[in-house]
Structure formats: C-alpha cells, structure tokens
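Here the structure is laid out as structure tokens; the discussion comes afterwards.
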Amino acid sequence: MYLCEVFYPSFLADLLIGTLGAFFGIIGAYRLYVLSVHRERTDRLKYVVSLIESIIPSAITQSEFCREHVKNILQEPFENKLLQIEANRDTKRLADKVDQEGVYHAYLWKYKRNKKTYEQFKNLYASIDYLESLLEDMIKTNEKILNAVWSRKKQYQVTFSKTLDTLQAIILIAEIQQNQPAYVEYARNLIQQFSAKKTEKENVVDSYKEVVEPLSNFTIHNASQHPKISELLFLLDDLYRQFVGIELSSKHNAKDYEWYAEKLKTTANNLAEGSKQLQKDFSTK
C-alpha cells in the first residue's frame, strides 16, 4: 500500500508534465511553422512586387523606344533603322520562372479567398503574361522586318546592277550609236556622273533619284525602239516598283511598331493599376 501511495502521485505528475511538454512542443512547432509560412509568403510577394516595379517602367520605356522608331522610319524610310531594345528580362522571369501557384496561394493568404480576389489575381497575371507575349512577339517581328527590308534592298541592288550593265551594253551597240547618238551620249554621261559620286555605302535613294528616275524619263521621251532599250525599260519599271515597295513596306512597318508602342503602354498601366495594393503592402522601395 505504501509503494502505491508513493508511486501514484509521481506517475500522475510525470504524465502531466509529459503531456504538457508535448502540448507546448506542438504549439511551439506550430508557431514556428506559421511564422515560416508567413515569412515565406511575405518574401514571395515582396519578390513579385520587386519584379513588377521593374517591369512597369521598363515596358513604358520600350513603348517610347517603339514610338521613336516610328518617327525615324517615317522620316527616312529607305535607311536601315534599328529598334532600341530595353534590356530587361524580369517580365520573362516573372511569367515563366516564378512559381505562379505559390504566388497564387500567397496572394489569397494576404487578401482572403473570395470572388473579388480570385478575379484580381487572374487579371494581374493576365497583364504579366500578355506583356511577356507582347515583348517576345515584338522582338520576333523586329527580326522579320529587318530581314525583309534587307532582302528588298538587296533585290533592288541586284536589279540596279543589271540595269547599269544593260545600259553599258546599249552604249556599245553600233546601230544605236549610229541612229541614236544623243541617247548614247546621255547614257554615257549619266553613268560617269553616278560612278564619280558613288561611295562604298549603297544608297537606294541616290541611285533611284540620280539614275533610275532621270533615265526612265529620258528613255521614254527620247529613245527609239530597240530590243535592248525595251529590255532596259522593263528593268527600270521593275526598279520603280521595288523602290515604291520599299517605301510602302517601311510605312507598314511603322504601323506595326506604333501598335506595339500603344499595347505596351496600355498593358503596363493596367499592371500598375492591378498591382497598386500589392505594391503598397510589399514594396521594397
């Protein structure tokens, strides 16, 4: 009986102490878990906001670059103009690299789960994804435009060179020398003048204004019929079409860049508006 009386209180005390220790241990572990989740989600939202705060001004800057490019193209449609690209990959990083599901849960943890917050998050990432899509498409379109412009100008230069060769051949034809000496003299002087001014840099406008245009007018009004002259006229007509095609293509390209400028600015503003509260709560600035 004595042993039981001694053992029983001690057993209950040990059990109580063990139970309380386990309970407080669980509470402590849970608190650490909650703090860890809180820190992780807070850090995740801070990181997202830091990217958003980088993306918005970068997109607006790229929009301005596009608008400036439009002006340059319209002022000099025959020049090789290069679009300035904003060197910022944070949009791609946020759209493709950041764990969107993790951001989603962090966002709902902060702003509660309801219809409004679901829609807000959906619109937020829609702006991010669309902005990334715009930038990628703009870069691809810019590359296509540069290649197309180069191809058109290259074709023009090939045709122009063939035209000069044909004109040189006409000058050497005895029949034309005899029957059309004024035309031969005009053609010879035209070639000499152009050759004297020619530089290493090929210029579509100079060759058109100084050779193609005056030669076309003079040939149409002063030359007599001859198979070689007919061949020359076909080449001159082809050059006219190519020249106009380059100009029209440049104007069309300017409209493309204008479209990107407008969409980039609008989407950046939408992202700024959609992330206003997020930036207010988690900005690192």
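Listed for the Ser230 side chain is a donor-acceptor partner under 3.5 Å among the backbone atoms of His226. Under a 3.5 Å cut-off, the side chain of Ser151 and the backbone N or O of Asn147 do not form any donor-acceptor pair. Distance alone, capped at 3.5 Å, places no donor-acceptor pair between the Gln62 side chain and the Pro57 backbone. Listed for the Asn189 side chain is a donor-acceptor partner under 3.5 Å among the backbone atoms of Glu185. A donor-acceptor pair under 3.5 Å is formed between the side chain of Asn269 and the backbone N or O of Lys265. Put simply, the side chain of His252 never gets that close to the backbone of Leu248: no donor and acceptor are under 3.5 Å apart. Listed for the Gln180 side chain is a donor-acceptor partner under 3.5 Å among the backbone atoms of Ser224. With hydrogens and angles disregarded, a donor-acceptor distance shorter than 3.5 Å links the side chain of Ser275 to the backbone of Leu271. No donor-acceptor pair under 3.5 Å is formed between the side chain of Thr266 and the backbone N or O of Lys263.
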Take Thr159 and Gln242 through the test side-chain hydrogen bond (donor to acceptor under 3.5 Å, both in side chains) and record every step on the way to the result. CA-CA 9 Å; Thr159 306; Gln242 290 179 31; 3.1 Å; yes
Check step by step if salt bridge (charged side-chain N to carboxylate O under 4.0 Å, His left out) holds for Lys276 and Glu273. CA-CA 5 Å; Lys276 185 181 293 183; Glu273 183 63 29; 3.3 Å; yes
Could you walk me through whether Phe160 and Asp238 satisfy the side chain to side chain contact (heavy atoms under 4.5 Å, CB included) test, starting with their C-alpha distance in whole Å, then the side-chain angles of each, then the deciding distance to 0.1 Å, before giving a yes or no? CA-CA 9 Å; Phe160 182 73; Asp238 195 13; over 6 Å; no
Under the salt bridge (charged side-chain N to carboxylate O under 4.0 Å, His left out) rule, what do Lys255 and Glu258 come out as? Steps first, then yes or no, please. CA-CA 5 Å; Lys255 290 182 180 180; Glu258 184 66 40; over 6 Å; no
Should Thr267 and Asn270 be marked as a side-chain hydrogen bond (donor to acceptor under 3.5 Å, both in side chains) after you check the CA-CA gap, both sets of side-chain angles, and the distance that decides it? CA-CA 5 Å; Thr267 307; Asn270 289 342; 5.3 Å; no
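In summary, the side chains of Thr141 and Tyr260 do present a donor paired with an acceptor at a separation below 3.5 Å, with no hydrogens or angles considered. Between the side chains of Gln279 and Ser283, not a single donor N or O lies within less than 3.5 Å of an accepting N or O. For the 3.5 Å distance criterion, the side chains of Ser54 and Asn88 qualify, holding a donor opposite an acceptor. Asp281 and Gln277 form a side-chain donor-acceptor contact under 3.5 Å, judged by distance and modelled atom types alone. Side chain to side chain, Asn253 and Ser250 fail the donor-acceptor criterion of an N or O pair below 3.5 Å. Side chain to side chain, Ser207 and Tyr156 meet the donor-acceptor criterion of an N or O pair below 3.5 Å.
The structure places CD1 of Ile55 at 12.5 Å from NZ of Lys92, a figure rounded to the nearest 0.5 Å. With rounding to the nearest 0.5 Å, the separation of CG in Asn72 from CG in Leu82 is 10.5 Å. Here OG of Ser133 is found 13.5 Å from CD1 of Ile128. Values are rounded to the nearest 0.5 Å. The line from CG of Asn203 to NZ of Lys209 is 11.5 Å long, rounded to the nearest 0.5 Å. Atom CG of residue Asn142 and atom CD1 of residue Ile85 lie 5.5 Å apart, to the nearest 0.5 angstrom. Taken from NZ in Lys110 to CG in Leu278, the straight-line distance is 9.5 Å, to the nearest 0.5 Å.
Both Leu167 and Tyr240 belong to a single network of hydrophobic side chains, linked directly or stepwise wherever heavy atoms of I, L, V, M, F, W or Y lie under 4.5 Å apart.
Across Phe121, Tyr111, Trp109, a single residue satisfies ring-ring contact (aromatic ring centres under 6.0 Å, His included) together with Tyr104, and that is Phe121.
Few gaps surround CZ on Arg113; more than 12 heavy atoms of other groups in view lie less than 6.0 Å from it. Heavy-atom neighbours of Lys81 NZ from other residues, nucleotides or ligands within 6.0 Å: above the threshold of 12. Counting non-hydrogen atoms of neighbouring residues, nucleotides and ligands closer than 6.0 angstrom, the OH atom of Tyr118 exceeds 12 such neighbours.
Under the 6.0 Å cut-off for aromatic ring centres, Phe78 and Phe243 qualify, their centroids lying closer than that.
Side-chain contact between Met138 and Cys66 is present, with at least one heavy-atom pair separated by less than 4.5 Å.
Checked for salt-bridge contact, Lys140 and Glu143 miss the test: no charged N lies under 4.0 Å from a carboxylate O. Using a 4.0 Å cut-off between charged nitrogen and carboxylate oxygen, Arg67 and Glu64 do not count as a salt-bridge pair.
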